[in-house]
*Asks:* 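Structure in structure tokens, see below.
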Amino acid sequence: MSNHWAFWSSYLSTPPFVTYGQGSTSMVPNRDFSYHGLNIPEIWSGLVFNFVLNTTDAGMYEYQIHYPTVNGTLTSDVFNFTVWDRDVVRVIATGDIGTSINGTESVESMENLVHDVDFVLHAGDLSYAFTGIGSTINGQNTSDAFGRQIQPLSSTVPYMVAPGNHEMWEYECMAYAGRYFMPNQGFPNTQSNNNSVLWYSFDVNEIHFISLSSETPMSPGSPQRIWLEMDLASTSSQFTVVFLHQPAYCSNLQHGSNLQIRSDLESVSSQFGIDLIISGHVHSYERTSPVMYGVPQSKNAGTMEDPYLDSCAPLYMVVGNGGRLLHPTFSMPSPDWSVKRFAAYGWSTLDFHKNGTIVGTSFFTNGTVSDAFAISKTKKKSACPMPSFATMSSVMNLWLVLYLALIQ
């Protein structure tokens, strides 16, 4: 049996109920729900309701929301979701969508695959209701508009999120925590020990997914790091995938690589092994080869014919090209670890096969393929060798050149 959580915001305070089942003639009522409300200026006025839908068999399920009132029962559209029983797990990866026309086009193009994916990963910066600390663009209305915009996706497949800097500017993620109910969290979302509402993990088949907060310290001894090390030590899944907002590897000059996050992620990856790290923040697309300490760690081409084989290092993706104003300027020349990079709107899919293969495909919003890669894993990751002094010197020289170029 698996559980699906259905949650939504509403201005109606009357107790709702949900009917669901495999087909309209077999839908049964569920009145077991929880809810909470927040009343924060510019962010929130209303309630969030949460229902757990228990599913026992594979197949498509339909569900509908009902609000009894004195004037009769208000009902939503009939939504549906699918419980899969297949050997391939398919995921959409995206970030930095917002509510612009470009974001809408990205969501609409993703909808073409909505009945052939297991869930969506959104690597931070969701609605852009807050454009800076203390600065809003009609916060609640923008957040509501984003919810309606992604509803064709989020009502059909799980929509898994990580916080970005724009969520942190929303009174330190209070609106984010109030609107998005993720696994391993209480409802309403409250911090318990080291399991903050800003990080969590979940398993699908033999894949362990970890959502982290790049806006919160991840250094040794921090609550997030303590939780992360405990989580990684407890999993024996075939693949481990991390998604968070700010990138550890990125050659775009708008934000570039967050070197503190790079150091934090490389230290845990070298100990526990991480296969894929997905981020946003930079409004462009970039994909690395498997890389550690600034040095590529695979001699394979990364194609289906020659996949990255048993690399000791994770592959990094920046998928911040979901809809916000693009960041078109990259450093020149391209770093050795950067394989593909461009500034154009789009999104990506990841197919996880039980035979130990990950196939990544990126698309422009018109549906044409913009990038593709393959990873093959036949054994547990081993530690990457430490780079030589000469290699480290060249990497540090590159950082120094970039730094000096930025401050002049």
Side-chain angles (χ1 to χ4, degrees), residues 1-8 16-34 48-66 75-94 107 109-122 147 150-162 179-185 187 200-211 235-241 243 276 278 347-361:
M1 182 175 70
S2 63
N3 291 331
H4 283 67
W5 284 267
F7 59 95
W8 65 91
F17 66 94
V18 172
T19 55
Y20 73 103
Q22 288 190 287
S24 57
T25 59
S26 63
M27 293 174 72
V28 297
N30 178 358
R31 302 178 187 274
D32 184 14
F33 68 92
S34 56
V48 170
F49 292 88
N50 171 57
F51 281 80
V52 179
L53 308 180
N54 297 318
T55 55
T56 56
D57 300 314
M60 180 177 289
Y61 288 77
E62 295 182 339
Y63 67 101
Q64 189 172 28
I65 302 164
H66 308 265
T75 59
S76 71
D77 294 335
V78 176
F79 304 108
N80 64 74
F81 62 90
T82 300
V83 177
W84 295 103
D85 181 17
R86 57 184 181 180
D87 292 336
V88 179
V89 174
R90 172 168 288 179
V91 179
I92 289 177
T94 186
V107 172
S109 64
M110 287 184 254
E111 289 176 33
N112 294 323
L113 277 182
V114 72
H115 291 292
D116 194 31
V117 297
D118 292 86
F119 55 93
V120 175
L121 299 179
H122 190 138
I150 66 169
Q151 183 170 286
L153 294 173
S154 62
S155 65
T156 307
V157 297
Y159 202 91
M160 316 305 293
V161 296
R179 285 178 178 268
Y180 298 95
F181 176 51
M182 294 292 110
N184 304 331
Q185 300 173 354
F187 192 86
Y200 61 91
S201 65
F202 61 99
D203 294 297
V204 178
N205 290 2
E206 285 297 309
I207 315 147
H208 187 61
F209 293 91
I210 302 174
S211 173
T235 184
S236 57
S237 296
Q238 184 179 31
F239 298 114
T240 300
V241 178
F243 66 106
L276 186 62
I278 302 164
W347 44 278
S348 302
T349 60
L350 300 163
D351 290 351
F352 298 87
H353 298 258
K354 284 187 176 180
N355 66 0
T357 301
I358 303 175
V359 177
T361 310

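As the structure is a prediction and not an experimental result, all values here were calculated from the model. Residue numbers run from 1 in the order of the sequence given.
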*Asks:* Answer yes or no: is there a donor N or O on one side and an acceptor on the other, between the side chain of Asn355 and the main chain of Thr357, under 3.5 Å?
*Replies:*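 Here the side-chain-to-backbone pair exists.
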*Asks:* Between Gln64 (side chain only) and Ser76 (backbone N and O only), is there a donor and an acceptor less than 3.5 Å apart?
*Replies:*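 A pair under 3.5 Å: yes.
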*Asks:* Taking only Lys NZ, Arg NE, NH1 and NH2, and the carboxylate oxygens of Asp or Glu, determine whether Lys354 and Asp87 approach each other closer than 4.0 Å.
*Replies:*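 A salt bridge links Lys354 with Asp87.
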*Asks:* Answer yes if the ring centres of Phe79 and Tyr20 are under 6.0 angstrom apart, and no otherwise.
*Replies:*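 No.
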*Asks:* Do His208 and Phe239 make the cut of ring centroids closer than 6.0 angstrom?
*Replies:*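 Between Phe239 and His208, which both carry aromatic rings, the centre distance is not below 6.0 Å.
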*Asks:* Please name all residues satisfying side chain to side chain contact (heavy atoms under 4.5 Å, CB included) with Asp85, sequence neighbours left out, ordered by chain then number.
*Replies:*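 For Asp85, the residues satisfying side chain to side chain contact (heavy atoms under 4.5 Å, CB included) (neighbours in sequence not counted) are Ala58.
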*Asks:* Okay, side chain of Asp118, backbone of Arg90: is any donor-acceptor separation there less than 3.5 Å?
*Replies:*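 Yes; judged by distance alone, with no hydrogens or angles, the pair exists.
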*Asks:* Does the ring centre of Tyr159 sit less than 6.0 Å away from the ring centre of Tyr180?
*Replies:*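 That pair fails the under 6.0 Å test.
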*Asks:* Please report the closest heavy-atom contact between Phe81 and Thr156, naming both atoms and the distance.
*Replies:*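 The pair with the smallest heavy-atom distance is CB-O, 3.1 Å.
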*Asks:* For Val161 and Ser211, which heavy atoms make the closest approach, and how far apart are they?
*Replies:*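 Where Val161 meets Ser211 most closely, the heavy atoms are O-OG, 3.2 Å.
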*Asks:* Applying the side chain to side chain contact (heavy atoms under 4.5 Å, CB included) criterion to Thr349, which one of Asp116, Val91, Leu113 satisfies it?
*Replies:*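 Only one of Asp116, Val91, Leu113 forms a side chain to side chain contact (heavy atoms under 4.5 Å, CB included) with Thr349, namely Leu113.
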*Asks:* Does Glu206 have any side chain to side chain contact (heavy atoms under 4.5 Å, CB included) partners at least two apart in sequence or in another chain, and if so, which?
*Replies:*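 Partners of Glu206 by the side chain to side chain contact (heavy atoms under 4.5 Å, CB included) criterion, ordered by chain and then number, come out as Gln238.
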*Asks:* Any donor-acceptor pair under 3.5 Å linking the side-chain atoms of His66 with those of Thr19?
*Replies:*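 The answer is yes; a qualifying pair exists.
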*Asks:* What's the shortest heavy-atom distance between Tyr61 and Val83, and which atoms?
*Replies:*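 In this case the closest contact between Tyr61 and Val83 is CE1-CG2, 3.7 Å.
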